[in-house]
Peer 1: 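Take this structure first; my questions come after.
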Amino acid sequence: MKKRNTLYVLLACVNILFILYALAVNYIIDPGAEAFLSHKTDLKRELHLPVWLTVMRVHVAFACIAMAAGLLNFSKRLFEKSRKFHRINGYVYIVSVLVVVLTSGYMAPYATGGKISSMGFNMLNIIWLLITVTALAQIKKKRTLRHRNWMIRSYAFCFTNMLIHLITSLFQQGFGVNYVTGYTIGVYGSIVLLLVIPDIIIRTIGQSGDTRVTP
């Protein structure tokens with residue numbers, strides 16, 4: 001129990017800071033995404049900036065909603081207080097993930113790093129959607145433990161952008177790799193980490209036999 005509480009507090013702190021950072025950068029500091037777009041060279045498709053910016057803002061907004069909704073649904077106190085809220089908020093999370101995946105699919109062809117990065121983003125989107133659908137299917141079958149574990153795996157993908165930029169910075173600043181190459185490594189490196197880290201967390205917090213609940 002202590003491990004779970006500690007992880008939740010840590011998750012909440014990272015979550016809040018990242019949401020504030022994402023909103024500040026994308027809506028206040030650099031609403032035109034000039035710094036990010038400066039790395040997009042030799043694009044094979046023409047970038048329609050007004051459309052791309054609109055899609056990007058929708059993407060960021062729903063990514064933040066997904067992060068917040070997921071965080072609330074991992075709260076044991078809120079779950080025990082109102083299972084109805086937990087259920088409704090769960091659907092908010094799922095819809096948000098769907099919007100994030102769709103908008104990411106639109107932006108993927110314009111990804112920094114070209115076709116290789118684009119393929120990586122499409123892979124991320126497919127995996128995230130499949131994992132989220134699996135989590136939904138598990139709770140429909142009243143398998144609460146499996147649902148929780150698959151939700152942990154799904155929620156990890158909310159931090160995709162953070163991981164990509166951390167890995168990019170690591171390779172750029174630590175190994176002298178250029179930004180575009182570092183970004184591509186970041187995309188595929190994040191896939192590996194997002195599939196490995198959740199299972200480490202699941203083993204850390206422990207799990208008992210599967211549980212079924214009645215409506």
Side-chain angles (χ1 to χ4, degrees), residues 1-19 21-22 63-83 85-87 89-94 96-98 100-101 104 120-171 174 185-214:
M1 183 62 70
K2 186 176 181 180
K3 287 182 180 179
R4 293 185 186 184
N5 291 337
T6 301
L7 282 173
Y8 187 79
V9 171
L10 178 62
L11 177 64
C13 291
V14 173
N15 194 304
I16 293 169
L17 288 174
F18 188 71
I19 288 175
Y21 171 80
C64 290
I65 292 172
M67 291 184 78
L71 179 67
L72 291 174
N73 264 16
F74 281 119
S75 170
K76 185 178 179 181
R77 182 177 300 178
L78 285 176
F79 175 74
E80 292 175 345
K81 186 176 181 180
S82 177
R83 293 195 177 188
F85 172 81
H86 180 90
R87 183 169 59 254
N89 191 51
Y91 283 110
V92 170
Y93 173 82
I94 291 172
S96 298
V97 169
L98 180 59
V100 172
V101 166
S104 178
F121 275 112
N122 287 328
M123 191 183 304
L124 277 163
N125 292 332
I126 293 170
I127 294 172
W128 192 9
L129 192 58
L130 288 175
I131 289 175
T132 305
V133 170
T134 301
L136 177 62
Q138 293 302 320
I139 198 58
K140 290 295 184 181
K141 296 177 181 178
K142 314 302 181 185
R143 297 170 178 169
T144 56
L145 179 61
R146 295 184 187 181
H147 168 69
R148 185 206 68 178
N149 291 346
W150 281 104
M151 278 303 303
I152 290 173
R153 295 182 180 106
S154 172
Y155 190 65
F157 280 76
C158 288
F159 298 90
T160 299
N161 185 263
M162 180 189 296
L163 277 177
I164 290 174
H165 287 288
L166 284 175
I167 296 172
T168 302
S169 296
L170 174 63
F171 277 86
I185 294 172
V187 172
Y188 286 93
S190 68
I191 295 176
V192 175
L193 292 176
L194 290 170
L195 292 175
V196 172
I197 293 175
D199 281 284
I200 294 175
I201 293 173
I202 290 169
R203 287 196 297 270
T204 300
I205 63 177
Q207 54 184 327
S208 56
D210 204 359
T211 305
R212 292 177 179 269
V213 295
T214 55

Peer 1: Roughly how far, to the nearest 0.5 Å, is CG of Leu195 from CD1 of Ile127?
Peer 2: 5.0 Å
Peer 1: Trp128 vs Cys158, test: side-chain contact (heavy atoms from CB on, under 4.5 Å). Steps then yes/no.
Peer 2: CA-CA 9 Å; Trp128 192 9; Cys158 288; 3.9 Å; yes
Peer 1: Can you confirm whether Met123 sits close enough to Ile191 that some side-chain heavy atom of one is under 4.5 Å from a side-chain heavy atom of the other?
Peer 2: yes
Peer 1: Look only at the side chain of Ser169 and the backbone of Leu166, and say whether a donor-acceptor pair between them is shorter than 3.5 Å.
Peer 2: no
Peer 1: Do Ile167 and Leu193 touch side chain to side chain, with heavy atoms closer than 4.5 Å?
Peer 2: yes
Peer 1: Is it the case that more than 12 heavy atoms not belonging to Tyr21 sit under 6.0 Å from its OH atom?
Peer 2: no
Peer 1: Please check: side-chain N/O of Ser154 versus main-chain N/O of Trp150, any donor-acceptor pairing under 3.5 Å?
Peer 2: no
Peer 1: What heavy-atom pair brings Cys64 and Ile19 nearest, and what distance separates the two atoms?
Peer 2: O-CD1, 3.7 Å
Peer 1: How far does CZ of Phe157 sit from CE of Met67, to the nearest 0.5 angstrom?
Peer 2: 14.0 Å
Peer 1: Compare all side-chain heavy atoms of Lys76 with those of Tyr8 and state whether any distance is below 4.5 angstrom.
Peer 2: no
Peer 1: What distance do Leu145 atom CG and Ile139 atom CD1 have between them, rounded to the nearest 0.5 Å?
Peer 2: 10.5 Å
Peer 1: Apply the test side-chain contact (heavy atoms from CB on, under 4.5 Å) to residues Phe74 and Asn15: give CA-CA distance (whole Å), side-chain angles for both, the deciding distance (0.1 Å), then the verdict.
Peer 2: CA-CA 12 Å; Phe74 281 119; Asn15 194 304; over 6 Å; no
Peer 1: Looking at every non-hydrogen atom in both residues, tell me the closest pair between Ala69 and Val92 and how far apart they are.
Peer 2: CB-CG1, 4.3 Å
Peer 1: Are any of the side-chain heavy atoms of Leu72 and Tyr93 separated by less than 4.5 Å?
Peer 2: no
Peer 1: Just verifying a value: how many Å separate Ile202 CD1 and Asn149 CG, rounded to the nearest 0.5 Å?
Peer 2: 4.0 Å
Peer 1: Under the side-chain contact (heavy atoms from CB on, under 4.5 Å) criterion, do Leu78 and Asn89 qualify, and how do the steps go?
Peer 2: CA-CA 11 Å; Leu78 285 176; Asn89 191 51; over 6 Å; no
Peer 1: Are side-chain heavy atoms of Thr134 and Arg153 found at a separation under 4.5 Å?
Peer 2: no
Peer 1: Between Thr168 and Gly186, what is the shortest heavy-atom contact and its length?
Peer 2: OG1-CA, 4.4 Å
Peer 1: Go through Phe159 and Leu11 one step at a time and tell me if the side-chain contact (heavy atoms from CB on, under 4.5 Å) criterion holds.
Peer 2: CA-CA 11 Å; Phe159 298 90; Leu11 177 64; 3.7 Å; yes
Peer 1: With rounding to the nearest 0.5 angstrom, report the NE2 to NZ distance, His86 to Lys81.
Peer 2: 15.5 Å
Peer 1: Atom CG in Leu71, atom CD1 in Ile16: separation rounded to 0.5 Å?
Peer 2: 7.0 Å
Peer 1: Tell me the closest heavy-atom pair linking Ile152 and Ile205, and the distance in Å.
Peer 2: CD1-CD1, 3.8 Å
Peer 1: Which atom names give the shortest non-hydrogen contact between Ala66 and Tyr155, and what distance separates them?
Peer 2: O-CE1, 3.8 Å
